[in-house]
Number of protein chains: 2
Amino acid sequence: MYKQFDKNYVAVDCIIFGFHEGRIKLLLIKRDFEPHRGAWSLMGGFVGRDESVDKAASRILEELTGLKDIFLEQLYAYGDLDRDAAARVISIAYYALINIDHYEEKPGAKWFAFDEIPTLVFDHNIMVQKALRRLKRKTIIQPIGFELLPEKFTLTQLQSLYEAIHQQSLDKRNFRKNILSMHVLERLNEKDKNNSKRGAFLYKFDKEKYDAMVEKGNSFEFK
Amino acid sequence: MYKQFDKNYVAVDCIIFGFHEGRIKLLLIKRDFEPHRGAWSLMGGFVGRDESVDKAASRILEELTGLKDIFLEQLYAYGDLDRDAAARVISIAYYALINIDHYEEKPGAKWFAFDEIPTLVFDHNIMVQKALRRLKRKTIIQPIGFELLPEKFTLTQLQSLYEAIHQQSLDKRNFRKNILSMHVLERLNEKDKNNSKRGAFLYKFDKEKYDAMVEKGNSFEFK
DNA sequence: TCAAAAGTGTTCAGCGTACACCCATGT
DNA sequence: ACATGGGTGTACGCTGAACACTTTTGA
């Protein structure tokens with residue numbers, strides 16, 4: 001069936017976001033194969049005949065980061081004829097949010113802050129721009145930003161994350177009022193003294209509270 | 001190059017929206033080929049080796065509707081292994097907004113209102129649900145709803161469109177205040193007397209005004 | 001005691017929302 | 001004259017946004 005139709009190479013490319021020292025970062029690899037050997041690139045790979053596209057994306061992500069079960073969402077399918085120099089390849093881009101502390105250095109891979117991103121192969125820079133726009137939009141209406149933080153974090157860290165994503169500084173009081181009024185955080189009886197003598201309370205995201213909030217018809221909306 | 005990797009069938013499916021008599025409608029076809037001959041389905045087709053995915057989508061849309069240059073946007077790529085009963089097919093879904101008056105009846109195709117949509121083949125019902133959510137979201141922040149209306153329309157028609165898309169009734173005064181305050185409509189010196197004796201002013205969407213508004217840093221936001 | 005980050009309330013303006021009546025015209 | 005859809009303004013409450021000082025504690 002369908003024998004009269006063409007088949008195509010289908011690839012997956014992953015935009016991998018992290019957060020470190022107040023900046024959003026991107027994990028890139030140096031290609032060690034042709035074409036464009038030695039150029040910086042997103043992590044990618046081909047979709048096999050016997051794996052779903054989602055599965056291919058998580059496989060590729062795991063190959064690079066060693067991490068499983070992390071936030072991974074489809075971004076967009078890129079299908080122009082000449083987007084890959086070597087052959088006609090349709091690429092389905094995914095973006096992932098990882099806790100940078102869990103990542104173990106891999107040879108050939110490197111984290112780049114946004115203002116340091118080099119020219120990437122093919123249409124990868126375009127993918128990155130789209131992923132960033134998606135991240136900005138999504139973090140406003142869904143609590144996915146937490147994926148980029150350690151499990152326990154301070155409100156200052158959280159604010160710094162939102163400031164980095166949206167590239168604007170926020171008022172501390174308004175930020176706290178806003179996020180706390182959603183009742184999706186649990187304050188722990190633990191303080192982080194790394195950044196101050198006084199110490200800041202640690203919080204964690206409480207998925208049950210979030211689900212309860214959504215159930216009640218309220219919505220996460222960051223402003 | 002890439003010879004060691006698998007190729008896959010890649011298809012495109014189109015969710016085609018229209019608006020008629022106060023209701024959002026969907027254009028579906030009765031399949032005249034296996035598998036599932038005779039079942040209702042989205043319009044679809046395979047992506048050829050020598051056409052871009054976007055091009056395939058507009059080709060397929062034109063095959064069914066005869067229409068070119070209409071609003072067509074990628075929705076999502078569906079890549080589960082068993083989504084098509086006959087073979088492993090990755091499908092990239094697109095949604096289109098058409099002015100239903102421009103459409104000429106095709107054999108085998110039929111418009112369905114949302115509460116009349118039959119069970120469709122494969123994962124097409126899921127695609128439709130996603131397309132509807134996208135349409136709801138997009139029409140709030142971008143002036144794409146106009147694609148579903150004739151070039152000239154009354155404010156009552158426009159309100160009826162938004163009510164249909166968002167499945168809620170709106171206050172007439174607030175609606176008009178809101179849409180007119182964006183300054184993206186041009187009022188014509190022409191009235192539509194089809195629905196009232198008094199006649200209602202016709203308007204058209206003014207892309208230049210819209211671009212100017214965006215340029216000024218304001219944003220289309222319907223509430 | 002001082003430096004550095006943590007934590008905390010109030011005020012105001014603008015906007016979203018609710019709401020009801022007159023107008024124009026064809027039959 | 002009357003029925004039908006077209007068109008218009010105001011008042012109020014809520015929420016987003018601006019804004020500064022005290023607390024804690026290690027060095």
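We name chains A, B, ... by the order of the sequence lines, and we start the count at 1 in each one.
Rounded to a whole Å, the CE atom of Met182(B) is 13 Å from the C1' atom of dC15(C). Regarding Lys177(B), its NZ atom lies at a distance of 11 Å from the P atom of dA18(C), rounded to whole Å. Taking atom CD on Gln159(A) and atom P on dA5(C), their separation rounds to 14 Å, with Å as the unit. In this structure, the CD atom of Gln157(A) is 11 Å from the P atom of dG7(C), given to the nearest Å. Asp192(B) has its CG atom 15 Å from the C1' atom of dA24(C), to the nearest Å.
You'll find a donor-acceptor pair under 3.5 Å spanning the side chain of Arg198(A) and the base of dA6(C), going by distance alone. Lys193(B) contributes no side-chain N or O that forms a donor-acceptor pair with the base of dG26(C) under 3.5 Å.
A salt bridge between Arg59(B) and Glu51(B) is present, with a side-chain N of the basic residue lying under 4.0 Å from a carboxylate O of the acidic one. Note on Glu116(A) versus Lys25(A): no salt bridge recorded, every NZ/NE/NH1/NH2 to OD/OE distance being 4.0 Å or above. A salt bridge is absent between Lys152(A) and Asp192(A): the closest approach of a Lys/Arg side-chain nitrogen to an acidic carboxylate oxygen does not fall below 4.0 angstrom.
Side-chain atoms of Arg173(B) lie closest to dA20(C) of the nucleotides dA6(C), dA20(C), dG9(C). The listed nucleotides are dT8(C), dA18(C), dG26(C); the one nearest the side chain of Lys172(A) is dT8(C).
Across the interface with DNA chain C, nearest-nucleotide mapping of Gly199(B) and Thr154(A) shows Thr154(A) to be the residue nearer the 5′ end. Both Phe201(B) and Lys197(B) sit near DNA chain D, but only Lys197(B) has its closest nucleotide nearer the 5' end. Along DNA chain C, the nucleotide nearest to Ser196(B) and the one nearest to Lys223(B) differ in position, and the one closer to the 5' end is contacted by Lys223(B).
Residue-level contact check: Thr156(A) touches the backbone only, with heavy atoms under 4.0 Å from sugar-phosphate atoms and none from bases. Counting non-hydrogen atoms under 4.0 angstrom, Asn174(B) reaches a base of the nucleic acid. Residue Asp171(A) is classed as a base contact, given a heavy-atom separation below 4.0 Å to a base.
Close approach of DNA chain D to chain A, defined as any atom under 4.0 Å from a non-hydrogen atom of the protein, starts and stops at dA17(D) to dG26(D).
At least one side-chain heavy atom of Leu158(B) sits under 4.5 Å from a side-chain heavy atom of Leu185(B). Within the 4.5 Å cutoff, the side chain of Asp13(A) has no heavy atoms near those of the Met43(A) side chain.
The side-chain tip of Lys110(B) points at the ring of Phe112(B) from less than 6.0 angstrom away and within 45° of straight on.
When the side-chain hydrogen bond (donor to acceptor under 3.5 Å, both in side chains) test is applied to Lys177(B), the partners found at least two apart in sequence or on another chain are Asn174(B).
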